[in-house]
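To start, the structure under review is shown below, and the notes come after it.
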Amino acid sequence: MPELPEVETVRKVLEKWVIDKTITDVEFFYNGVLDGINKTSFINNIKNQKIKAVDRKGKFLLFKLSDYILISHLRMEGKYYLVKENVIDPKINKHKIISFTLDDGNKLIYHDVRKFGKMKLIKYEEESTDKSLSKLGEEPFSINEEELYKKIKSSKRKIKTLLLDQAIIAGLGNIYVDEVLFFSNIHPNREGESISKKENKKIIEHSIKVLNRAIELGGSSVYSYHFAGSVSGKFQNELQVYGRKDLECFKCGSKIAKTKIGGRGTHFCPRCQK
DNA sequence: AACGAAACCTGCGCGC
DNA sequence: TGCGCGCAGGTTTCGT
C-alpha cells in the first residue's frame with residue numbers, strides 16, 4: 001500500500017495507540033507474515049515486551065520494544081487497527097493476519113488483504129546488519145547529492161526504476177516517483193546516464209517537497225484506501241499525474257499519458273517531461 | 001554483477 | 001449473471 005508519507009502517518013497513529021503498552025499475548029492467523037522466521041521463538045520473545053517507541057526507516061515500521069525491535073513492512077495493503085478486546089468486527093476479521101493483546105484491554109490487529117506484508121523480530125545489536133534494513137539507501141531528506149548522482153549517472157536503467165529502488169533512495173514509491181518526475185520535468189523513460197547534475201538536484205528538492213506536503217496531509221488515499229484505523233489522507237487531491245490518465249495537465253493542458261515502466265503503471269505529461 | 005520478469009496474494013471493475 | 005482479464009501505493013527471488 002504505502003509509501004513514506006503513508007507509513008509516517010501510520011507511525012504517528014501507532015504512537016498514540018501503543019506507546020508504553022505491554023504485549024501480553026500474540027495470535028497468528030496467517031503464518032506467512034513471518035516469512036520463514038520461527039514462530040515459537042517470535043511468540044516467546046515478544047511476550048511481556050513493552051513498546052517504548054514506534055520509529056520508521058524508509059517504508060519500514062520499527063516497534064522499539066524492551067529487548068527487541070519488531071520490524072513491520074506493510075507492502076501493498078497492510079493496515080493496523082486498534083480494537084477493544086472481545087469486540088469482533090467482521091470486516092477486520094476476514095483478513096486478520098496477527099493480533100497483539102495489549103495490557104490496556106485493547107488488541108492491535110495487523111490486517112492485510114493481499115498477505116504481502118512481512119514482520120520479524122530482531123535484537124538491537126542486529127539493527128545495523130539486518131538484511132532488509134542495511135541495504136536501504138538514504139531518504140531524500142538526508143541523501144548526499146553527489147552520491148545519488150554517481151549512482152544514477154553510472155546506470156543505464158530508467159530513471160523511474162532507479163528512483164523506485166530503495167537501495168538507491170528510500171521512501172519513494174509508484175505514486176510519488178511519478179509526481180517527483182513531473183515536477184522535475186523529467187521523462188520517466190530517461191536512462192540514468194542521461195540525467196544532468198542539475199536534474200539530479202531537482203529530483204532531490206522535489207522529493208523533499210512532495211513527501212513533506214504529503215506527510216502534512218496525512219498521505220494519499222487512492223481507490224478509497226484507508227491505512228490505519230480509519231485514517232485517510234488528503235494528498236490525492238493534489239496529485240498532478242498519478243491516476244490522471246487522459247486528463248489535462250495542470251501546467252500545459254496536454255493529456256496525461258500512462259505507460260508501463262519496469263512493470264509499474266507510469267503517469268507523465270508528454271509535453272512537460274523531457 | 002546486474003538486470004528484468006516472475007512470484008507472492010486477493011479483490012475490483014471492465015468488456016463480452 | 002458469470003467469466004476472464006488486467007489492474008492495484010512493494011519487495012524478494014529466480015533466471016539470463
Side-chain angles (χ1 to χ4, degrees), chain A residues 1-11 29-37 56-61 71-80 91-97 110-120 130-137 151-152 154-181 188-189 191-193 207 210-211 214-215 217-228 231-246 258-267:
Chain A
M1 118 196 163
E3 306 180 37
L4 191 152
E6 292 75 31
V7 179
E8 178 60 19
T9 304
V10 171
R11 190 195 67 75
F29 304 93
Y30 177 71
N31 292 332
V33 68
L34 285 187
D35 206 15
I37 310 289
R56 180 190 57 70
K57 209 172 171 190
K59 303 176 192 171
F60 289 88
L61 285 166
I71 305 178
S72 165
H73 198 299
L74 308 169
R75 296 280 177 93
M76 294 289 257
E77 303 218 29
K79 302 172 185 66
Y80 281 97
K91 201 181 136 230
I92 298 175
N93 246 35
K94 184 161 183 202
H95 296 293
K96 217 160 46 162
I97 299 293
Y110 178 67
H111 177 282
D112 193 340
V113 172
R114 290 175 74 182
K115 302 184 169 74
F116 281 175
K118 295 282 175 264
M119 268 185 210
K120 68 174 158 181
D130 178 78
K131 206 180 158 208
S132 36
L133 294 183
S134 62
K135 65 181 177 194
L136 270 187
K151 288 179 193 164
I152 289 178
S154 64
S155 175
K156 288 185 97 72
R157 297 163 75 193
K158 300 182 168 172
I159 187 65
K160 160 103 185 197
T161 309
L162 287 166
L163 297 180
L164 280 176
D165 186 339
Q166 302 298 298
I168 292 175
I169 186 165
L172 298 173
N174 207 35
I175 294 181
Y176 298 114
V177 166
D178 282 3
E179 295 298 303
V180 166
L181 288 176
N189 230 357
E191 289 177 351
E193 281 184 332
S207 296
V210 165
L211 293 181
I215 290 170
L217 296 185
S220 303
S221 303
V222 298
Y223 315 118
S224 21
Y225 187 80
H226 304 254
F227 34 87
V231 176
S232 68
K234 297 270 171 288
F235 190 73
Q236 68 276 12
N237 302 319
E238 300 192 10
L239 294 176
Q240 305 292 304
V241 287
Y242 187 88
R244 298 198 65 249
K245 178 181 186 289
D246 291 338
K258 184 177 179 189
T259 177
K260 206 156 217 184
I261 298 178
R264 311 299 302 277
T266 299
H267 312 72

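Here the structure is a predicted model, which means the values were calculated and not measured. A, B, ... follow the sequence lines: proteins, then strands. Residue 1 opens every chain.
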Subject >> Shortest side-chain distance from A/Arg264, nucleotide among C/dT12, C/dT11, B/dC9 >> reply: C/dT11
Subject >> Any-strand Watson-Crick or G-U partner of C/dG6, both distances under 3.5 Å >> reply: B/dC12
Subject >> A/Phe116 aromatic ring stacked with six-membered ring of B/dC8, 5.5 Å and 30° >> reply: yes
Subject >> Whole angstrom value for the distance that separates C1' of B/dC3 from CG of A/Asp165 >> reply: 11 Å
Original post:
Phosphate oxygens OP1/OP2 of B/dA2: is one of them under 4.0 Å from a side-chain N or O of A/Lys151?
Top reply: no
Original post:
Between A/Lys258 and C/dA8, is there a side-chain N or O to OP1/OP2 distance below 4.0 Å?
Top reply: yes
**OP:** Take the protein atom CG of A/Leu172 and the nucleotide atom P of C/dT11, then report the distance between them rounded to whole Å.
**Re:** 11 Å
Subject >> SB check A/Asp112 A/Arg75 (cutoff 4.0 Å) >> reply: no
Original post:
Do the side-chain N or O atoms of A/Lys59 get closer than 4.0 angstrom to the phosphate oxygens (OP1, OP2) of C/dG10?
Top reply: yes
Original post:
Is any side-chain heavy atom of A/Leu239 less than 4.5 Å from a side-chain heavy atom of A/Val222?
Top reply: yes
Subject >> Separation between the P atoms of B/dA6 and C/dG6, rounded to whole Å >> reply: 13 Å
Subject >> Whole-Å distance separating the CE atom of A/Met119 from the P atom of C/dG10 >> reply: 18 Å
**OP:** May I ask you to say what A/Gly117 touches in the nucleic acid, namely base, sugar-phosphate or nothing, with a heavy-atom cut-off under 4.0 Å?
**Re:** nothing
Subject >> Nearest-Å distance for atom pair CD1/P, residues A/Ile261 and B/dC3 >> reply: 16 Å
Original post:
To the nearest angstrom, how far is A/Glu77 atom CD from B/dC12 atom C1'?
Top reply: 10 Å
Original post:
Using atom P of each nucleotide, how far apart are B/dA7 and C/dC5 to the nearest Å?
Top reply: 15 Å
Original post:
Tell me: CG of A/Asp112 to P of B/dT10, nearest whole Å?
Top reply: 11 Å
**OP:** Specify whether A/Tyr176 and A/Phe235 have parallel, tilted or perpendicular ring planes, treating 30° as the upper limit for parallel and 60° as the lower limit for perpendicular.
**Re:** tilted
**OP:** Looking at every strand, decide which applies to A/Tyr30 at a 4.0 Å heavy-atom threshold: base, sugar-phosphate, or nothing.
**Re:** sugar-phosphate
Original post:
Are A/Asp130 and A/Lys120 side-chain neighbours, meaning at least one heavy-atom pair lies under 4.5 Å?
Top reply: yes
Original post:
Can you check whether A/Ser154 has a side-chain N or O nearer than 4.0 Å to OP1 or OP2 of B/dA2?
Top reply: no
Original post:
Of all the nucleotides listed (B/dG4, C/dG10, C/dT12), which has the minimum atom distance to the side chain of A/Arg157?
Top reply: B/dG4
Subject >> Value in whole Å for how far the C1' atom of C/dT12 lies from NZ of A/Lys118 >> reply: 9 Å
**OP:** Under 4.0 Å between any heavy atoms, over every strand shown, what does A/Lys260 touch: base, sugar-phosphate, or nothing? Just pick one.
**Re:** sugar-phosphate
**OP:** Sticking with atom P, work out how far B/dC9 lies from C/dT13, rounded to a whole angstrom.
**Re:** 14 Å
**OP:** Enter the distance from A/Leu162:CG to A/Leu172:CG here, rounded to the nearest 0.5 Å.
**Re:** 12.0 Å
Original post:
Closest heavy-atom contact between A/Ala170 and A/Leu136?
Top reply: CB-CD2, 4.1 Å
**OP:** Establish, with yes or no, whether the OP1 or OP2 oxygen of B/dG11 is under 4.0 angstrom from a side-chain nitrogen or oxygen of A/Lys94.
**Re:** yes
Original post:
Taking only N and O in the side chain of A/Lys115, is any of them less than 4.0 Å away from OP1 or OP2 of B/dC8?
Top reply: no
Subject >> Interatomic distance where CG belongs to A/Leu61 and C1' belongs to C/dT11 [whole Å] >> reply: 15 Å
Subject >> 5' priority, DNA chain C, between A/Gln166 and A/His267 [closest heavy atom] >> reply: A/His267
**OP:** From the options C/dT11, B/dG11, B/dG4, select the nucleotide whose nearest atom is closest to the side chain of A/Thr161.
**Re:** B/dG4
**OP:** Among the candidates C/dG10, B/dC9, B/dG11, find the nucleotide nearest to the side-chain atoms of A/His73.
**Re:** C/dG10
Original post:
Between A/Tyr80 and A/Tyr110, how do the two ring planes meet: parallel, tilted or perpendicular, split at 30° and 60°?
Top reply: tilted
